[in-house]
Amino acid sequence: MDLITNLEKVERYASRIWRTHSLEDPISTLSFNEYDYLKEIQMADEPIRLTDLADKMLVTKLRQLAWYNAWSARIL
């Protein structure tokens, strides 16, 4: 078997496992971007300002603020 075939098998297996357990996992409700933002906040050594987070995420400050407002409204 070649590499492409093996990678496709791994992808199918991972997808099946993901779908099986996704209903149990609260993280599965997050988009990739939401997960990425939250992971960056978690990995910060100290509290992080939105400006610094925007710089780390390579997004504009306006985009960061929009994400923060949407996330805050979703949680509350």
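These numbers were taken from a predicted model, which means no experiment stands behind them.
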Task: Donor-acceptor side-chain pairing of S72 and N69 below 3.5 angstrom - done: no

Open item on the list: Checking E34 now: which residues fulfil side chain to side chain contact (heavy atoms under 4.5 Å, CB included) with it, not counting sequence neighbours?
Closed with: L30, S31, W67, W71, R74

Can you list, pair by pair, the side-chain donor-acceptor contacts under 3.5 Å of residues 36-43, counting residues two or more places apart and other chains?
from	atom 1	to	atom 2	distance (Å)
K39	NZ	Q42	OE1	3.1

Donor-acceptor contacts under 3.5 Å from residues 46-62 side chains, at least two apart:
from	atom 1	to	atom 2	distance (Å)
R49	NE	D52	OD2	3.2
R49	NH2	D52	OD1	3.2
T60	OG1	R63	N	3.1

